[in-house]
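Throughout, a chain's letter reflects where its sequence line sits, starting with A, and its residues are numbered from 1. Because only heavy atoms are used, hydrogens play no part in the values below, and waters and symmetry mates are left out as well, while side chains stay in.
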Amino acid sequence: MELVEERPHRFRIDRRGRMRVPGVVFASRALLRDAEKSLEQVVHVATLPGIVAASYAMPDIHWGYGFPIGGVAATDVDDGGVVSPGGVGFDISCGVRLLAADVDRQALEPALPAVMDALDRAIPRGAGPGGVWRSIGPRQLERILRGGSQYAVAEGYGEERDLGRCEDGGAVADADVGQVSERARERGLGQVGSLGSGNHFLEVQQVDEVYDETAAAAFGLAAGQVCVMIHCGSRGLGHQTCTDHVRVMDRAMSRYGITVPDRQLACTPVESPEGQAYLGAMAAAANYGRANRQLLSDAARRIFRRTAGARLSLVYDVSHNLAKIETHPVAGVPRLLCVHRKGATRAFPPGHPDLPEDLREVGQPVLIPGTMGTASYVLAGVPGGDAFFSTCHGAGRVMSRHQAARAIGGKELRTRLEAQGIAVRPRSLRGLSEETPEAYKDVGAVVAASEGAGLCRTVARLVPLGVVKG
DNA sequence: ATGTAC
């Protein structure tokens, strides 16, 4: 793949063949080692009907279903632009939430083992069923699909203030629950308020370093402060929703005269019945993911209050797998776009009207979950707005699960992490070894490249004190 | 990511 370096951390893939727009890759050469397959996916995405500006890739790009993970693609709704479930990913509205405690590490230290033990008991996780709300009925599920975090807060699982600190105020509008299949609902019923597995986690962290005092203060963060980070998604319900709508679009595509270089890019026009059905179902699944994070936050809050006498306030909740209808200038003219962000985080700049007033001056908090046992980051949106105000979402895998499990045993890894002063509460030792830090890219390099590319600025680095894993 | 396969 020929990459033209336009400036540091920005490479261009020139148009050729059926590409409608160029590819733009924000990265360093080092981060792009072994990225050939995912760069080919960037080229595939550039052929989609209605795509505008460029097919973008973030520094944490890696191979995904059809679209690369770490990809951003916007299509023009009024010009036959398409929506594609593969551009969102299977884990619809997977994302991150950060809560800040009113204690620092030293104050928490004596209570930390008890906090970790309580979290170990209270946080449902791992593959399969289990959740904070494990025995709900179909009507309550529909309320979750419509209301997301708003519904969880209304039921007493949170504070009114939380909703202002959630992307979309805690719920994506226009959820169409009728487009969520019976099978997806069945899978979702028993998993409301659960972490899942893989790289999902709940961590107790401390602010290790602050790079931007003004932004950190606005976000309610200071050096030494204890935080809780939650990384999870929409579980089996989101997965099933993606599966269902990929199948529908795969069959419908030819009726719209659409051909794609890879079947996994199945798509139909945003304004087609299939496109609208997917967006309605996607919004519902996204709300399931939002409620999920709200319920887990509430469980963590209760434990911190009871066990450590500490209060947790929400810094922000942001998704990194979602398509949204947004207005952005294209060649200087405002256009209605369907912005797919898959493994990419929205990062509104300072002054953006959709930000809560107390964050408007500094920009949107962007939460980057690190690999277990390494650092996580808090970033902020910046003026400029490249890639439709998007930035990275985390570290990409470099080792398969199998390779990782072969590289280190779960017991050995647990001992190593505990020796580093990180309390570990895994559900399974096999799952733990699959998530060993060596299996991932260096999240610090990803964040540095994102800042170098002008997509965001680094506000703070967080390091884990305790890890709850699936 | 995912009842790690329909």
*Separation of B/dT2 P from A/Ile92 CD1 (nearest whole Å)*: 12 Å
*Rounded distance (Å) that lies between atom P of B/dT4 and atom CD of A/Glu434*: 13 Å
*Do we see a donor-acceptor contact under 3.5 Å between the side chains of A/Asp91 and A/His239?*
no
*With under 30° as parallel and over 60° as perpendicular, where do the rings of A/Phe389 and A/His328 fit, or are they tilted in between?*
tilted
_In whole Å, I'd like the distance from the CD atom of A/Gln240 to the P atom of B/dT4._
12 Å
*Taking atom C1' of B/dT2 as reference, at what distance in whole Å does atom CG of A/Asn292 sit?*
14 Å
*Which of these, A/Arg293, A/Glu167, A/Gln294, A/Arg165, sits in a side-chain contact (heavy atoms from CB on, under 4.5 Å) with A/Ser149?*
A/Gln294
*Counting only non-hydrogen atoms, which of residues 174-186 of chain A are less than 4.0 Å from DNA chain B?*
A/Arg183
*Between A/Asp91 and A/Arg247, just flag the one whose closest nucleotide in DNA chain B comes earlier from the 5' side.*
A/Asp91
_Residues forming a ring pair (Phe, Tyr, Trp, His ring centres under 6.0 Å) with A/His200, sequence neighbours excluded_ = A/His231
*How many Å lie between CZ on A/Arg430 and P on B/dT4, as a whole number?*
14 Å
*Give the rounded distance in Å between these two atoms: CZ of A/Arg397 and C1' of B/dT2.*
14 Å
*Under 4.0 Å between any heavy atoms, over every strand shown, what does A/Gly236 touch: base, sugar-phosphate, or nothing? Just pick one.*
sugar-phosphate
*Over how many whole Å does the gap from A/Asp244 atom CG to B/dT2 atom P extend?*
16 Å
*Would you say a side-chain N or O of A/Arg235 is under 4.0 Å from OP1 or OP2 of B/dT2?*
yes
_Quick test of your reading: applying side-chain hydrogen bond (donor to acceptor under 3.5 Å, both in side chains), list the pairs with at least one residue in residues 25-40 of chain A, sequence neighbours left out, ordered by first then second residue._
none
*Does A/Thr243 make a side-chain N or O approach to OP1 or OP2 of B/dT2 shorter than 4.0 Å?*
no
*Please work out which of the three classes, parallel, tilted or perpendicular, describes the rings of A/Tyr56 and A/Phe26, given edges at 30° and 60°.*
parallel
*Would A/Arg125 and A/Ser197 count as having a side-chain donor-acceptor pair, cut-off 3.5 Å?*
no
*Check the distance between B/dT4's P and A/Glu435's CD and give it to me in whole angstrom.*
17 Å
